[in-house]
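Predicted, not measured: the structure shown is a model, and the values here were computed from it. We count residues from 1, following the sequence as given.
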Amino acid sequence: MFPELDDPRVKDAAARLRSEGVAQPVPVVEQPSGSHITALAANRKLSEGVARRLLARPLHRAAAMVSAGEADAMVAGANTPTRRVIEAASIGIGLADGISTVSSFFLMIFPDAGAMIFADCAVNTTPNARELADIALASRRSADTLLGSTKVALLSYSTGSSGTGPSVELVREAAEATGLTGPIQADAALNHSIATRKGVDGGGANVLVFPNLDSGNIAYKLVQELAGARAIGPVLQGLRKPVCDLSRGAGSDDIVAATAVTIALC
C-alpha cells in the first residue's frame, strides 16, 4: 500500500518497483468495504461509526486494507508525520503478539556489505524498561528475518555490574526481562576480546538497541558519516504486518530501498 501515490517521489518509486518486479503497488480504495470496517472494529474494539470516520482518511483505509489481507505491507510518511503513520498502523493493523510498543529500526548497510540493525532511532524518545524490552524483542524478530543469525546487545555506558545509575538499571531490567545481553558498552558488544577482558559474553552483536532516542539517532548518523554506511528506514516494528515510516525528505531511491526492506519482512 502506498497511500501517498499522488506524491511524485512515491509515484516514481512505485513505478520502478512495479517494473522491476519487486512489488505490486495497490491503490487505496475510494470507499471502505465491510471488511475494512470489521478490521478496524476488531483491532481496537471500535464502534462502526468511529471506524467509518477513521476510514474517511486514506492512511487509515490503507492500513485497513493491509489488515484485511488486500496488501502485504504499507509504506507511508512522505507527507505524513510519524505519529499519524503509527496511529493508523496501530489502529488498522494492530500490534504483534507479545509486543505493546511500536518502535523502529534502521537497516545499516556497510561498505564491506555487512549489515546491522540499529533500534530505536526514530520513534521512542525515552523508553521505560518494558518499552525497551519490547524494542529489543521486536528488533530480534526483524533481524531474524533480514539478517538470518541474530545477536542482540542492549547498550549502556556500563558493562555488566561495573557501573550504576538510573539508565544502567533501566537497561539491566530490560535485558533481564528478555534474556538478551545487557547492559553492555558498544565496544564490548562488538569486540569479543574486549568483552572477555570485561568479563562478559559479548562481541559479534549485529543488533544494537540504544537506551534512548538521543543515543540511537546520534549513533546511526555518525555511522553514516564516518563509516560510509547506508541507513535504510526507519521501518516500523512491533506490528502484525510490516509498515515503513518514510522520512519526509526521502527521495525515490530511498523509497525504493525502504520498500524492498519492508517487503522482505513479509
Side-chain ion pair, E48 and R52, N-O less than 4.0 Å: yes
Can R230 and F110 be said to form a side chain to side chain contact (heavy atoms under 4.5 Å, CB included), step by step? CA-CA 6 Å; R230 183 179 185 187; F110 292 86; over 6 Å; no
For the pair K198 and D187, evaluate side chain to side chain contact (heavy atoms under 4.5 Å, CB included) and give the outcome as yes or no after the intermediate values. CA-CA 10 Å; K198 294 187 176 185; D187 56 353; 3.4 Å; yes
For residues K241 and M74, determine if any side-chain heavy atom of one lies less than 4.5 Å from a side-chain heavy atom of the other. no
Under 4.5 Å between any side-chain heavy atoms of L180 and V207, yes or no? no
Would you mind reporting whether T125 and N212 have side-chain heavy atoms less than 4.5 Å apart? no
Start with the C-alpha gap between L265 and R141, add the side-chain angles, then the distance that decides, and say whether side chain to side chain contact (heavy atoms under 4.5 Å, CB included) holds. CA-CA 9 Å; L265 292 167; R141 293 180 187 180; over 6 Å; no
Using side-chain heavy atoms (C-beta onward) and a distance below 4.5 Å, is S90 in contact with V102? yes
Contact summary for A174 and A129, nearest pair of heavy atoms: CB-O, 3.5 Å
With hydrophobic residues grouped by side-chain heavy-atom distances under 4.5 Å, do V235 and I109 end up in a single group? yes
Look at the side chain of E4 and the backbone N and O of A78, then say whether any donor-acceptor pair between them is shorter than 3.5 Å. yes
Measure the OG1-CG distance between T150 and D144 for me, rounded to the nearest 0.5 Å. 3.5 Å
Could you tell me whether the side chain of I194 reaches within less than 4.5 Å of the side chain of Q185, counting heavy atoms only? no
Taking CD in E20 as the centre, count heavy atoms belonging to other residues, nucleotides or ligands within less than 6.0 Å. Is the count above 12? yes
SB check D253 R16 (cutoff 4.0 Å): yes
Could you tell me whether a side-chain N or O of N79 sits under 3.5 Å from a main-chain N or O of R248, the two making a donor and an acceptor? no
Kindly compute the distance separating OG (S33) from CZ (R61), expressed to the nearest 0.5 Å. 11.0 Å
Chi angles and distances behind the side-chain hydrogen bond (donor to acceptor under 3.5 Å, both in side chains) call for N124, S103: CA-CA 7 Å; N124 295 281; S103 60; 5.0 Å; no
Taking G204's backbone N and O only, do any of them form a donor-acceptor pair with H192's side chain (distance below 3.5 Å, no angle check)? no
Smallest heavy-atom separation, I117 atom then S139 atom, equals CD1-O, 4.3 Å
Rounded to the nearest 0.5 Å, what separates atom CG in D120 from atom CG in L132? 9.5 Å
Centres of the F210 and F118 rings: under 6.0 Å? yes
Output yes when a side-chain donor or acceptor of E131 lies under 3.5 Å from a complementary backbone atom of N128, and no otherwise. yes
Give the intermediate values and the outcome of salt bridge (Lys or Arg N to Asp or Glu O under 4.0 Å) for residues R240 and D97. CA-CA 8 Å; R240 287 180 184 152; D97 292 340; 5.1 Å; no
What's the separation between atom CZ in F2 and atom SG in C244, rounded to the nearest 0.5 Å? 9.0 Å
Verdict with reasoning, D134 to R130, per salt bridge (Lys or Arg N to Asp or Glu O under 4.0 Å): CA-CA 6 Å; D134 278 345; R130 180 63 262 169; 3.2 Å; yes
Looking at R9 and D254, is any side-chain nitrogen of the basic one under 4.0 Å from a carboxylate oxygen of the acidic one? no
Is the closest side-chain heavy-atom distance between V26 and M65 below 4.5 Å? yes
Give the cluster check for L147 versus L208: same hydrophobic cluster or not, with ILVMFWY residues linked at side-chain heavy-atom distances below 4.5 Å. no
Heavy-atom closest contact (I135 atom, Q237 atom, distance): O-NE2, 3.8 Å
Mind listing the closest non-hydrogen atom pair of I91 and H60 along with its distance? CD1-CE1, 4.0 Å
Begin from the C-alpha positions of V223 and M108 and carry the test side chain to side chain contact (heavy atoms under 4.5 Å, CB included) through to its verdict. CA-CA 9 Å; V223 171; M108 306 298 295; 4.0 Å; yes
Do I263 and D72 have side chains that approach each other closer than 4.5 Å (heavy atoms only, starting at C-beta)? no
Would you name the heavy atoms of A13 and I255 that are closest together and state the gap between them? CB-CG2, 3.5 Å
If I compare all heavy atoms of L154 with all of A175, which pair ends up nearest, and what's the gap? CD2-N, 3.9 Å
According to a 4.5 Å side-chain heavy-atom criterion applied to Ile, Leu, Val, Met, Phe, Trp and Tyr, with indirect links allowed, do L107 and V209 form part of one hydrophobic cluster? yes
Approximate separation, where rounding is to 0.5 Å, of K221 NZ and F106 CZ: 6.5 Å
Any side-chain heavy-atom pair of V29 and H36 under 4.5 Å: yes
Atom pair CG (L55) and CD (Q31), whose distance is rounded to the nearest 0.5 Å: 10.0 Å
Flag, side chain of S67 to backbone of G92, donor-acceptor distance under 3.5 Å: yes
I'd like to know if the side chain of N217 and the backbone of C121 have a donor-acceptor N/O pair within less than 3.5 Å. yes
Same hydrophobic cluster for L239 and M1, using side-chain heavy-atom links shorter than 4.5 Å among ILVMFWY? yes
Same cluster or not: are L95 and V243 linked, directly or through other Ile, Leu, Val, Met, Phe, Trp or Tyr residues, by side-chain heavy atoms under 4.5 angstrom apart? yes
